[in-house]
Asker: 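The structure follows.
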Amino acid sequence: MPEIQQTGAPEAAAYTQHAKEAYHRKDLLDMAREEARAALLAAAQRAVAAGALPAAPSAAFVVEVPGDAAHGDLAANLALVNAKALGLPPRKIAEAVVAHFPAEDMFEKVEIAGPGFINLFLGQGYYAGVVMAAVLCGGEYGRTDAGRGEKVNVEFVSANPTGPMHLGNARGGALGDCLAEALSWAGYHVTREFYINDAGNQIAKFGVSLAARYLQIVQGPDAVPFPEDGYQGDDIRQRAQDFFDEYGAAPAQKDAAELEQLLIDYALPRNIAALREDLSTYRVHYDVWFSESQLHESGAVDAAVRLLQERGAAYEQDGAIWYKATAFGGDKDEVLVRANGVPTYFAADIAYHADKFARGFTKAIDVWGADHHGHVARMKGALDAIGLDGSKLDIVLMQFVRLVRDGAPVRMSKRTGKAITLTDLLEEVPIDSARFFFNLRDPGSQIEFDLDLAVAQDSENPVYYVQYAHARICSILKALAGDGVAFRQDVAFANLAKLAAPEERALIRQIAAFPGEIVAAAKGYDPARITRYVAELATVFHKFYTACRVKGEEEGLLQARLALCVATRTVLANGLAMLKVSAPEKM
RNA sequence: GCGCCCGUAGCGCAGUUGGAUAGCGCGUUUGACUCCGACUCAAAAGGCCGCUGGUUCGAAUCCAGUCGGGCGUACCA
């Protein structure tokens, strides 16, 4: 934690107090909001004491940032929500409260507007404090302790290791990773986790598919039929070929089960390694790679099924063991163990989530494709059924991605003719674009991913628009440095009161909103807020740039504006860092 | 049939736990570079917020119904 630097200038000393508070609280806007609320309630108390109000108003009102800056920095609906209970028109209540509003230097002006809103205008000290906080906190600006270190597990992608990752995994990767990042910035203790489905039906199918391809290589393409429901992909052929190159034709003599296992043992680790590598290229790094087979081997799956049976939440029928979903809010019961004795994915998933909570997480967040939504209720219900709290599991359901080129949907890869993989996508669009675009919409919305736009090198492309703002600021600093003008924090901080133009104020307000935006993204499981935030910040900066010059202004104003540029650059860089999108110094 | 998600400007989307005159980008029309990066900015036009009713000081937002679209409803994962 860097020390707050004391500047020599006397005016700056007072402002530094704001910056200091911001540093500890990490969110000046939130602080102002709370102070506004407290001041309004105190004013109401005084109004009651003075006989101007019949009774104290309810505290159930909101203090929000109005959409229109003309309505102040903060607006309270205290008078509106209390009109009925107090039996007075809203404006009368507002007048009584405002008349007793304490004189505080934090609020410059308090107004009554519209049907009875109380609009509060923050003073220069606040605005200066925001700039200082961003400059002083630097790469830490935006971090808060809202999550109080709560241990959360974010599981995402968890792609099937039988093949390469598809577009849904690509979205899930960008979404889950940025969500984890937002949670971390918001003060949660985050673990990123990948669940490897290396057991069960699809692995058996994987083995059968590999064996068929291998035998086709050894005995000729028509010697062995490829199973109807086998994995068709070229990756399967490639693994079989690699295996043949290494071990020759001898393994073909083994019986089917033995050969399949041999091929699985050969191909699965390679596939998992490929997943890791592809995700790493995509800038996604996990803390934990959790293997499903481990749950089967340790007996955790059997134990979970037994626990359900003991608690009367499971029963046997037709040779299978069923989970009584109907007793826990589900609409139909589900098979846990098939008649052939093999547990289902569902049974393993119950054991898996029980394991997560046993590891001390108080919140488990899973990012799933929307096609799994039917699984949500029964998963939570099953956790309740084994005595864990299903509400501690949150599922972020992610809608599908539609690729579009030249205005027409793209279904297949041009090169392979098969479904488009993450690798295919990254061959065509920069990683920056992919990560940004997948986080442009909230998880619940279908995304239309415009391939033409994602590679466009102009302002139509939102990634470039934001990156350009960052590069532009770097360019200003460089141009000034070329003229022998360096950023001087002490001079800048002493002159922050000069930042009074509407465009400067708007930019500072946007900077002030950053910490709260991160908390909202984290708590709402919506990292798209960060993407939209940085785009908006870039817009507000460009407007400032057009309206206000830096170079050539008198020393005080120049330095103050330089501080604003540095603050903006910091916030842009931090926001982009959360998305793992690069913040170039020049483009 | 039942369940989940979604209907906001020509297109793609925001709308801060119910707030003030419903916004943004693209597209269309019109402007702004002798000047810190015009990869930028300013302005105009463009709306039964799918529809109907309800809740209240106040609804795009909440509730009920209805229409339209997507997805799910396996001893698959």
Side-chain angles (χ1 to χ4, degrees), chain A residues 62 64-68 70-71 75 77 79-81 83-84 89-90 113-117 119 158 160 162 197 200-202 205 229 292 317-322 330-332 334-340 342-346 348-349 369-377 397-400 402 404 407 440-448 450 453 456-462 464-465 467-469 471-480 482-483 485 513 516-517 520 523-524 528-529 532 535-536 538-539 541-553 558 561-562 565 586-587:
Chain A
V62 296
E64 60 187 357
V65 178
D68 186 345
H71 295 147
N77 63 354
L80 294 161
V81 297
K84 186 172 250 184
F117 289 104
N119 295 337
S158 296
N160 204 317
T162 54
N197 293 111
N201 247 341
Q202 82 283 1
K205 209 158 82 180
D229 61 343
E292 181 187 349
Q317 189 185 307
D318 304 331
I321 301 175
W322 296 72
D331 51 352
K332 61 184 204 43
E334 301 287 333
V335 171
L336 291 165
V337 182
R338 302 179 182 90
N340 63 10
V342 179
T344 59
Y345 159 92
F346 180 45
D349 226 13
D371 53 335
H372 285 63
H373 76 249
H375 191 50
V376 175
L397 283 178
M398 174 183 75
Q399 291 292 330
F400 295 116
R402 264 185 355 134
V404 174
L440 216 41
R441 308 271 171 265
D442 70 276
S445 300
Q446 275 188 240
I447 284 186
E448 190 170 295
D450 187 333
L453 189 57
Q457 311 243 337
D458 58 44
S459 64
E460 284 184 41
N461 184 341
Y464 272 81
Y465 182 80
Q467 290 179 322
Y468 176 70
R472 203 177 211 187
I473 296 171
C474 293
S475 173
I476 294 170
L477 294 171
K478 218 170 106 186
L480 285 168
D483 294 347
V485 180
E517 203 60 39
K523 292 193 170 171
R529 298 187 72 113
R532 288 195 290 265
E536 179 65 22
T539 298
F541 174 75
H542 288 311
K543 286 177 201 273
F544 156 77
Y545 177 88
T546 305
C548 307
R549 291 189 61 78
V550 180
K551 194 176 175 178
E553 295 292 347
L558 182 150
R561 285 184 173 162
L562 219 38
C565 288
K586 61 178 182 197
M587 299 169 68

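Chain identifiers are assigned alphabetically (A, B, ...) following the order of the sequence lines, protein sequences preceding nucleic acid strands; residue numbering begins at 1 within each chain. Being a predicted model, the structure only gives us computed values, none of them experimental.
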Asker: Categorize Cys548(A) for me: base, sugar-phosphate, or nothing, with a 4.0 angstrom heavy-atom threshold over every strand shown.
Answerer: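 Base, at least one base heavy atom under 4.0 Å.
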
Asker: Check this one for me: any side-chain N or O of Tyr465(A) less than 4.0 Å away from OP1 or OP2 of C24(B)?
Answerer: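 Tyr465(A) to C24(B) OP1/OP2: no side-chain N or O under 4.0 Å.
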
Asker: With a cut-off of less than 4.0 Å, is there a side-chain N or O of Lys84(A) near OP1 or OP2 of U56(B)?
Answerer: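 No, no such contact exists.
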
Asker: Between G19(B), C36(B), C41(B), which one does the side chain of Val81(A) approach most closely?
Answerer: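 Closest of the options to the side chain of Val81(A): G19(B).
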
Asker: Does A38(B) have OP1 or OP2 sitting under 4.0 Å from an N or O in the side chain of Arg472(A)?
Answerer: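 Indeed, a polar side-chain atom of Arg472(A) lies that close.
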
Asker: Please classify the nucleic acid contact of Ala113(A) as base, sugar-phosphate, or nothing, using heavy-atom distances under 4.0 Å.
Answerer: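 Base contact.
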
Asker: Syn or anti for C5(B), taking syn as within 90° of 0?
Answerer: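 Anti for C5(B); the angle lies over 90° from 0.
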
Asker: Given A20(B), G37(B), C39(B), identify the nucleotide with an atom nearest to the side chain of Ala479(A).
Answerer: G37(B)

Asker: Can you label the angle between the His375(A) ring and the Tyr345(A) ring as parallel, tilted or perpendicular, going by 30° and 60°?
Answerer: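 Tilted, since the angle between the ring planes falls between 30° and 60°.
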
Asker: As a check on the pairing definition, encode RNA chain B in dot-bracket form, counting Watson-Crick and G-U wobble pairs whose two distances are under 3.5 Å, and using | for partners outside this strand.
Answerer: (((((((..((((.....[...)))).(((((.......))))).....(((((..]....))))))))))))....

Asker: Within the structure shown, what part of the strands sits under 4.0 Å from Arg549(A) by heavy-atom distance: base, sugar-phosphate, or nothing?
Answerer: base

Asker: Using a 4.0 Å heavy-atom cut-off to protein, can you give one letter per nucleotide of nucleotides 70-77 of chain B, 5' to 3': B if the base is in contact, S if only the sugar-phosphate is, - if neither?
Answerer: SBSS-BSB

Asker: Within 45° of the ring axis of Phe541(A) and under 6.0 Å from its six-membered ring centre, is that where the NZ or CZ of Arg472(A) lies?
Answerer: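 That pair does not qualify as a cation-pi contact.
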
Asker: Mapping Arg441(A) and Ser475(A) onto RNA chain B by nearest heavy atom, which one lands closer to the 5' end?
Answerer: Arg441(A)

Asker: How far does the C1' atom of G46(B) sit from the matching atom of G10(B), given to the nearest Å?
Answerer: 9 Å

Asker: Are any of Arg561(A)'s side-chain N or O atoms less than 4.0 Å away from OP1 or OP2 of C36(B)?
Answerer: no

